[in-house]
2 protein chains.
Amino acid sequence: MKPAARRDEILGLLDEIGEVTVDELAVRFGASRETVRRDLSRLDAFGHIRKFHGGARAARPNGVPLRETAFDTRMNERRTEKNAIARRAADLFPENSVMFIDTGSTTIAFAQALSKRRGMTVITNSPQIAGILSQAKTNHHVYLVGGEVAAEGRETLGAMAIAQIAQFKTEMARAMIEQAQSITVLADHQKLGRPAVFQVAELAKVARLVTDRQPGPEMSDALSAAGVEVVLADQGQS
Amino acid sequence: MKPAARRDEILGLLDEIGEVTVDELAVRFGASRETVRRDLSRLDAFGHIRKFHGGARAARPNGVPLRETAFDTRMNERRTEKNAIARRAADLFPENSVMFIDTGSTTIAFAQALSKRRGMTVITNSPQIAGILSQAKTNHHVYLVGGEVAAEGRETLGAMAIAQIAQFKTEMARAMIEQAQSITVLADHQKLGRPAVFQVAELAKVARLVTDRQPGPEMSDALSAAGVEVVLADQGQS
DNA sequence: ATTTTTATTGACTGATTGGGCGGTTCTCAC
DNA sequence: GTGAGAACCGCCCAATCAGTCAATAAAAAT
């Protein structure tokens, strides 16, 4: 049985009976408890369900769609690298820092890592990041920037409109950067390969880059020329 | 029985009968007094209830609802009524309407109902509502109002701080209302019993009230005197 | 077709949590 | 006051959970 199908079935079950236990599911799927728990954690992380000790129950109130969205899966790609980068980056900021966090799957991982620390003041344009940090019981202050919420499933939009939205996002990010004292970029090695990362921020304005592998030679040269501190996240390290 | 469910049930009981004793609960749940006391202490710390010697009673200061933070549970109670109201209310607005939707468990149900229609422009202060409407594939435009995101699980907050937050929310709602051309209030019959609903909006400014039962005689008089149109939602109807 | 990268899984570890037990201290009613 | 019951405290055990590891399966790249 494919993992995606399994998670789908879990959602279906929860939709019907509202509550399941880990053991129950483990038996049903013939999988280990660990696997089941991982599924549940993953679904919980996206607000589809709500875990409790020993199982999970439906969290339908949110109106979150019942199946995994494309964004969910995207989020889980290169998860270990992202987590490593995110944790490493979270360590870079002292407690009670004030920071701006942009939208993105890597920054969501970052927000999760950050939520375990205390007393951060975070301004963000991502409702999801705001949710993660405000639900953590570690006394953060979270400010959500208002604006139009981009539709995840707006199928009818043409390429044109999508490009416009992308453009708007870019400008928003640029505006944030204008205000920032110091910029830290988070990017995994794959993203670093493409030049797109630095369309938003000029290299010269970036103070730090957190990534998971040593960048290629030319990139390294450019980085050191611009005075960017490269922070390497070891995937094994906390 | 799961701890979370147990605590939920305690809240439900207190909502009904207003007062419980430790022994009573211990018997009901088949748990030890210790466990019950721990539950009560925890709920007290959240400001949901107030402990006294041998038991606890509902801590309802002034108009502060019993369950301000246990949103998911609150969402589940009176679900059918809320859904009926929400669906009925959604029918009141023509397509391509522009509206402002405040936070709240009833309005979330409303947003869900609304998401099935098309082309609405919605301004809201609730990230959850924004999420619901933006994920629907029915071409809505959603604008999220920025601001501090209230912590859901900030355990350290006492009843005092919670009351303050409630106050802030009230003021925000008032400001929205200032700007509105026409106000529609959604409230189930239980809420209508309490005067708190109209602390925020003067009756005179309300154009419509959508509810599930005919209000009591005095309330009815006040409503018609203020020229409020009462819309009744039949629970069986779509 | 083969090699490399990525994703998934089950097992293992230490850390948390839920719940119970018993003794001491505190409350309240008499 | 005084005593019975209740709250509080530290300690216990069992179950669960988060995190890490290596092995495998799947997918992508060459």
Side-chain angles (χ1 to χ4, degrees), chain A residues 1-10 19-45 49-57 68 72-88 90-91 105-106 109 112-113 115-117 136-138 188-194 212-213 233-238, chain B residues 1-10 19-45 49-57 153 155:
Chain A
M1 181 167 220
K2 289 201 179 69
R6 202 180 44 232
R7 283 187 289 268
D8 245 27
E9 196 167 328
I10 291 176
E19 194 171 307
V20 291
T21 70
V22 172
D23 288 330
E24 207 175 291
L25 293 175
V27 171
R28 174 185 252 268
F29 295 125
S32 72
R33 288 177 191 76
E34 277 80 7
T35 304
V36 171
R37 280 200 331 95
R38 259 185 285 249
D39 284 340
L40 293 182
S41 300
R42 179 166 165 168
L43 293 171
D44 183 316
I49 67 174
R50 199 74 188 173
K51 278 203 307 187
F52 57 77
H53 234 76
R57 65 170 184 275
E68 289 192 311
D72 292 351
T73 26
R74 202 177 318 145
M75 178 69 210
N76 278 291
E77 288 170 356
R78 284 180 237 326
R79 188 162 48 86
T80 50
E81 288 91 332
K82 275 176 187 165
N83 283 341
I85 293 171
R87 274 198 300 266
R88 189 74 185 79
D91 288 340
S105 55
T106 310
Q112 257 147 7
S115 71
K116 282 165 194 142
R117 318 207 40 218
K137 298 169 191 163
T138 37
D188 62 53
H189 67 275
Q190 217 185 35
K191 223 171 218 163
L192 265 192
R194 311 220 163 263
D212 58 332
R213 288 190 201 173
D234 182 356
Q235 293 181 30
Q237 140 184 359
S238 99
Chain B
M1 179 167 228
K2 283 70 185 176
R6 203 179 45 233
R7 282 187 284 269
D8 271 5
E9 197 167 326
I10 292 176
E19 196 169 307
V20 291
T21 71
V22 172
D23 286 331
E24 207 175 291
L25 293 175
V27 171
R28 175 186 252 268
F29 296 128
S32 74
R33 281 184 270 274
E34 286 300 307
T35 304
V36 171
R37 279 200 331 95
R38 262 184 281 250
D39 283 341
L40 294 182
S41 301
R42 185 160 165 169
L43 292 170
D44 187 316
I49 68 174
R50 178 70 41 168
K51 279 204 304 186
F52 61 79
H53 231 79
R57 67 170 164 280
E155 281 188 341

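Every chain is numbered from 1, with letters handed out A, B, ... down the list of sequences. Values reported hereafter were calculated over all heavy atoms of this structure, with side chains retained and with hydrogens, waters and symmetry mates removed.
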Taking CG from A:N76 and C1' from C:dT8, how many angstroms apart are they, rounded to a whole number?
12 Å

Under 4.0 Å between a side-chain N or O of B:T35 and OP1 or OP2 of C:dG20?
yes

Using whole Å, what does the distance between atom P of nucleotide C:dT16 and atom NZ of A:K116 come to?
12 Å

Closest non-hydrogen contact found for B:K51 with B:S41 is NZ-OG, 2.8 Å

What's the shortest heavy-atom distance between B:V20 and B:F52, and which atoms?
O-CZ, 4.1 Å

Nearest 0.5 angstrom please: A:R88 CZ to A:N83 CG, how far?
15.0 Å

Grab the CZ-C1' distance between A:R42 and D:dA18 for me, whole Å please.
17 Å

Under 3.5 Å: donor-acceptor pair, side chain of B:D44, backbone of B:R50:
no

When you compare the side chain of A:R78 with that of A:E81, does any pair of heavy atoms fall below 4.5 Å?
yes

Protein-nucleotide distance (A:R78, atom CZ; C:dT5, atom C1'), rounded to Å:
9 Å

Check the interface with nucleotides 7-9 of chain D: list each N/O to N/O pair with the protein under 3.5 Å, or write none.
| residue | atom | partner | partner atom | Å |
| --- | --- | --- | --- | --- |
| D:dA7 | OP1 | B:G54 | N | 2.8 |
| D:dC8 | OP2 | B:R37 | NH1 | 2.9 |
| D:dC8 | OP2 | B:K51 | NZ | 3.2 |
| D:dC8 | N4 | B:E34 | OE2 | 3.3 |
| D:dC9 | N4 | B:E34 | OE1 | 3.2 |

Shortest non-hydrogen contact between A:A109 and A:M75, atoms and distance
N-CE, 3.9 Å

Heavy-atom donor-acceptor pair, B:R37 side chain to B:V22 backbone, under 3.5 Å:
no

Report yes if some heavy atom in the side chain of B:K2 is under 4.5 Å from a heavy atom in the side chain of A:R57; otherwise report no.
no

Let me see the working for A:R6 and A:D39 under salt bridge (Lys or Arg N to Asp or Glu O under 4.0 Å), right down to the final yes or no.
CA-CA 8 Å; A:R6 202 180 44 232; A:D39 284 340; 2.6 Å; yes

For nucleotides 25-30 of chain D, tabulate all protein N/O to nucleotide N/O atom pairs closer than 3.5 Å, reporting atom names and distance.
none

If I take atom CG in residue B:L43 and atom P in nucleotide C:dG18, what distance separates them, rounded to the nearest angstrom?
12 Å

Take atom CZ of A:R79 and atom C1' of C:dT5, then tell me their distance rounded to the nearest Å.
16 Å

Side chain of B:R7: nearest nucleotide among C:dT8, C:dT6, C:dG18?
C:dG18

Just to be sure I understand the rule, does A:D39 reach a base, reach only the sugar-phosphate, or reach nothing, if contact means heavy atoms closer than 4.0 Å?
nothing

Using whole Å, what does the distance between atom C1' of nucleotide C:dA7 and atom CZ of A:R74 come to?
18 Å

Measure CZ/A:R6 against P/C:dT8 and give the value in whole Å, please.
9 Å

